[in-house]
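Structure first, commentary second.
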Number of protein chains: 2
Amino acid sequence: MPPRKATSDVFHAIADANRRTLLGFLAQKARPVGECAKELGITYAAVSQHLSVLHEVGLVERKSLGRQRYYRTRFEPLQEVYDWTVAYRPFWQNRLDALGNYLDKEEDSE
Amino acid sequence: MPPRKATSDVFHAIADANRRTLLGFLAQKARPVGECAKELGITYAAVSQHLSVLHEVGLVERKSLGRQRYYRTRFEPLQEVYDWTVAYRPFWQNRLDALGNYLDKEEDSE
DNA sequence: ACAATATTTAAGTATATACCTAAATATCAT
DNA sequence: ATGATATTTAGGTATATACTTAAATATTGT
């Protein structure tokens with residue numbers, strides 16, 4: 001398989017740090033692209049592309065107001081990520097999981 | 001910024017579907033590379049590379065036994081992902097978030 | 001219609017990804 | 001040591017990423 005597009009699923013979409021920052025920035029309040037660009041310190045074009053990715057996976061909604069386009073985070077798709085991590089939650093807490101006991105607890109061999 | 005390596009953080013590491021499958025496969029029981037390759041239907045080499053990425057971010061531990069190398073998932077680093085999603089949990093549930101009311105609730109404009 | 005503002009799209013660059021095949025390394029059994 | 005088995009590393013391919021700059025597309029005010 002060739003590398004998959006960031007637009008193909010939520011996990012890919014949130015892999016980028018700038019996109020995660022955007023989701024936080026747009027959580028409380030819808031904002032136009034220009035403000036996002038200022039926040040991230042990159043060009044309008046780059047922000048526009050990131051927002052486009054987020055929009056394709058449903059992580060932001062947008063609304064044109066005048067000549068500006070307001071974006072706001074929609075968190076619903078994150079539930080998939082939450083669910084995936086939570087499924088493994090039992091493992092974070094007690095280290096005594098179902099590992100066959102032919103392996104002991106030493107450090108990794110390099 | 002150029003694209004970041006998958007080894008740079010957990011979010012990147014779990015973006016790939018095959019790597020997520022591996023984490024599930026290696027959750028309960030440590031297994032050698034060969035079994036993983038059979039499970040995923042790709043070559044040893046490809047699996048070895050994926051496991052190497054997961055190891056670099058601490059998502060698997062490994063242990064050599066004889067000529068095999070057993071890998072097992074370590075879920076601790078997933079807590080970062082969990083925490084990030086959970087921080088936004090209030091938003092999934094009630095749609096009445098702090099959006100300024102100059103935007104209404106219609107569908108997105110395309 | 002015209003200029004200014006806000007955003008998107010197009011085209012380009014350097015680097016990373018997700019594989020593969022083939023060669024290299026490690027371990028075990030003889 | 002020799003050969004078989006298990007895994008990693010090296011080298012290669014096609015495609016994707018994360019930007020950039022410049023051109024194209026709204027939208028608004030005059």
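Side chains included, hydrogens not; waters and symmetry mates left out as well; all remaining heavy atoms used. Lettering follows sequence order; numbering is per chain, from 1. Source: prediction; values computed, not measured.
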Who are the side-chain contact (heavy atoms from CB on, under 4.5 Å) partners of A:Arg67, not counting sequence neighbours? none

For B:Gln68, check side chain to side chain donor-acceptor pair (under 3.5 Å) against everything at least two apart and list the hits. B:Tyr70

Going by an N to O cut-off under 4.0 Å, is there a salt bridge joining B:Arg4 and B:Asp9? yes

Please tell me which of A:Val47 and B:Arg4 maps to the more 5' nucleotide of DNA chain C, matching each residue to the nucleotide holding its nearest heavy atom. A:Val47

Between A:Ala15 and B:Ala15 the two heavy atoms that sit nearest each other are CB-CB, 4.0 Å

Sub-3.5 Å pairs of nitrogen or oxygen atoms, protein against nucleotides 26-30 of chain C:
none

Return each pair, listed once, that meets salt bridge (charged side-chain N to carboxylate O under 4.0 Å, His left out) where at least one residue sits in residues 35-56 of chain B; pairs must be two or more places apart or across chains. B:Arg31-B:Glu35

Step-by-step side-chain contact (heavy atoms from CB on, under 4.5 Å) determination, A:Leu51 to A:Leu26: CA-CA 11 Å; A:Leu51 289 170; A:Leu26 301 173; 3.8 Å; yes

What I'd like to find out is whether the side chain of B:Phe11 reaches to under 4.5 Å of the side chain of B:Trp84, using heavy atoms alone. yes

Between A:Tyr88 and B:Gly24, what is the shortest heavy-atom contact and its length? OH-CA, 3.1 Å

Qualifying ring-ring contact (aromatic ring centres under 6.0 Å, His included) pairs, either residue in residues 14-53 of chain B, two or more places apart: none

Residues at least two apart in sequence or cross-chain that pass side-chain contact (heavy atoms from CB on, under 4.5 Å) with B:Val57, listed by chain then number, are B:Ala13, B:Leu59

Which whole-number value in Å describes the distance from B:Arg19 CZ to C:dT17 P? 8 Å

Minimal non-hydrogen separation, B:Val60 against B:His55, with atom names: O-CD2, 3.2 Å

Would you please name every residue forming a side-chain contact (heavy atoms from CB on, under 4.5 Å) with A:Ser48, sequence neighbours left out? none

Step by step, work out the side-chain contact (heavy atoms from CB on, under 4.5 Å) result for B:Arg19 and B:Ile14. CA-CA 6 Å; B:Arg19 283 197 292 267; B:Ile14 64 167; over 6 Å; no

Under a criterion of less than 4.0 angstrom to any heavy atom of chain B, what are the 5'-terminal and 3'-terminal contacting nucleotides of DNA chain D? D:dA4 to D:dC19

For DNA chain C, which residues in residues 32-43 of chain A have a heavy atom at a distance below 4.0 Å? A:Pro32, A:Val33, A:Gly34

What are the atom names and distances for every N/O pair under 3.5 Å that joins the protein to nucleotides 10-14 of chain C?
none

Kindly say whether B:Leu23 contributes a backbone atom to a donor-acceptor pair with the side chain of B:Thr73 at under 3.5 angstrom? yes

Contacting residues from residues 9-18 of chain A, given that a heavy atom lies under 4.0 angstrom of DNA chain D: A:Asp16, A:Asn18

B:Arg20: salt bridge (Lys or Arg N to Asp or Glu O under 4.0 Å) partners, not counting sequence neighbours: none

